[in-house]
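Below: the structure, in structure tokens.
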Amino acid sequence: MKSKTLSNILTVFKVVKILAKVVFILCIVGGVGCLVALVTLPFVENLVPIESLVEEGIELSSTYPACVAGLIACVGEAIFAFMAERYFGNVLSAGTPFTLESSKECFRLGLASIIISVATAVVAGLAVPLIAILVQDASGFDIESTISLSTGLFFLFMSLIFKYVAELEAPTPEEPKQDE
């Protein structure tokens with residue numbers, strides 16, 4: 001019989017699993033949008049009078065680096081959202097997050113969050129200036145990339161709690177009786 005608290009925890013896991021799925025889908029849509037924009041920008045430059053864009057304050061050359069940065073961010077977040085959705089699904093299948101396997105998977109998710117954050121910042125930091133130089137507008141785009149550790153650290157911390165509770169709930173092996 002599940003306790004009310006465990007039932008509430010699993011309800012939160014169900015909601016967060018759905019949110020992770022939504023984020024994954026939105027990241028795929030955003031990434032495809034950035035990719036389509038990158039492919040179609042050369043055609044837009046030839047079709048739209050540059051003067052009308054300049055009057056609106058739009059410089060197409062600065063759009064290339066922005067699309068590359070958006071694509072990189074969407075790919076990184078899609079990977080994390082996919083991993084998170086899988087983790088939450090595994091917890092729901094197990095019926096509890098308080099298992100050793102769940103704590104290990106939560107720990108891996110925390111590490112993945114940190115690694116993905118660093119990797120997207122590094123890749124964007126290298127790719128965006130290169131694209132800006134290639135479109136001959138190195139001064140037209142400024143990238144500010146950040147590394148987010150909070151999500152990763154949260155999952156690492158939660159993995160310790162899940163592991164501790166799993167260890168408390170694990171049956172203790174009986175100590176062998178000593179012959180006198």
Side-chain angles (χ1 to χ4, degrees), residues 1-38 65-128 143-180:
M1 182 175 167
K2 288 185 200 176
S3 75
K4 175 103 171 113
T5 303
L6 180 58
S7 180
N8 290 340
I9 290 170
L10 292 176
T11 300
V12 170
F13 272 76
K14 287 177 191 172
V15 170
V16 177
K17 180 180 185 261
I18 293 168
L19 290 175
K21 180 70 158 187
V22 170
V23 168
F24 175 74
I25 292 168
L26 292 176
C27 286
I28 296 297
V29 170
V32 169
C34 289
L35 194 58
V36 167
L38 279 171
C67 288
V68 169
L71 178 61
I72 292 167
C74 285
V75 167
E77 289 301 318
I79 292 168
F80 179 73
F82 176 79
M83 293 177 71
E85 181 192 3
R86 188 178 61 192
Y87 165 68
F88 296 126
N90 290 343
V91 167
L92 291 170
S93 294
T96 181
F98 305 108
T99 65
L100 293 177
E101 184 56 38
S102 175
S103 69
K104 288 177 189 174
E105 193 173 1
C106 187
F107 186 83
R108 287 190 298 264
L109 188 61
L111 286 180
S113 174
I114 293 168
I115 291 168
I116 290 168
S117 178
V118 170
T120 54
V122 168
V123 171
L126 295 173
V128 169
I143 181 170
E144 291 183 25
S145 56
T146 59
I147 297 173
S148 173
L149 298 177
S150 57
T151 302
L153 293 174
F154 172 77
F155 280 106
L156 293 175
F157 176 70
M158 291 306 295
S159 74
L160 294 174
I161 293 172
F162 296 156
K163 183 178 181 179
Y164 177 71
V165 174
E167 290 172 348
L168 287 178
E169 291 180 352
T172 56
E174 291 184 34
E175 294 181 21
K177 295 181 182 178
Q178 296 178 352
D179 293 330
E180 291 183 31

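For this chain, numbers begin at 1 and follow the sequence in order.
- A donor-acceptor pair is defined here as one N or O able to donate and one able to accept, closer than 3.5 Å; no such pair exists between the side chain of Ser102 and the backbone of Val91.
- Here the shortest heavy-atom pairing between Val68 and Ala127 reads CG1-CB, 4.0 Å.
- Residues forming a salt bridge (Lys or Arg N to Asp or Glu O under 4.0 Å) with Lys14 (at least two apart in sequence, or on another chain): none.
- With rounding to the nearest 0.5 Å, the separation of CG in Leu92 from CD1 in Ile9 is 12.0 Å.
- In this structure, Ser117 contributes its side chain and Ile114 its backbone to no donor-acceptor pair below 3.5 Å.
- Considering only residues two or more places apart in sequence or on other chains, Phe157 meets the ring pair (Phe, Tyr, Trp, His ring centres under 6.0 Å) condition with none of them.
- Side-chain contact between Asn90 and Pro97 is absent, with no heavy-atom pair separated by less than 4.5 Å.
- Sequence neighbours left out, the pairs with a member in residues 66-103 that pass ring pair (Phe, Tyr, Trp, His ring centres under 6.0 Å) are Phe13-Phe88, Phe24-Phe82, Phe98-Phe162.
- Looking only at side-chain heavy atoms (C-beta outward), Val165 and Thr96 stay at 4.5 Å or farther from each other.
- The two residues Cys67 and Cys34 make their nearest non-hydrogen contact at O-CB, 3.5 Å.
- Closest non-hydrogen pair, Val128 versus Pro65, comes out as CG1-CB, 3.6 Å.
- You'll find the side chain of Val75 reaches within 4.5 Å of the side chain of Leu71, heavy atoms only.
- Smallest separation of non-hydrogen atoms from Glu77 and Cys27: CB-SG, 3.5 Å.
- Among pairs with a residue in residues 155-167, none fulfils salt bridge (Lys or Arg N to Asp or Glu O under 4.0 Å), at least two apart in sequence or across chains.
- Side chain of Ser93 to backbone of Gly89: a donor-acceptor contact under 3.5 angstrom is found.
- Sorted pairs that involve residues 4-13 and meet salt bridge (Lys or Arg N to Asp or Glu O under 4.0 Å), not counting sequence neighbours, are lacking altogether.
- Residue pairs that meet the salt bridge (Lys or Arg N to Asp or Glu O under 4.0 Å) test with at least one member in residues 95-111, sequence neighbours left out, are Glu101-Arg108.
- For Ser113 (side chain) and Leu109 (main-chain N/O), no donor-acceptor pair under 3.5 Å exists by modelled atom type.
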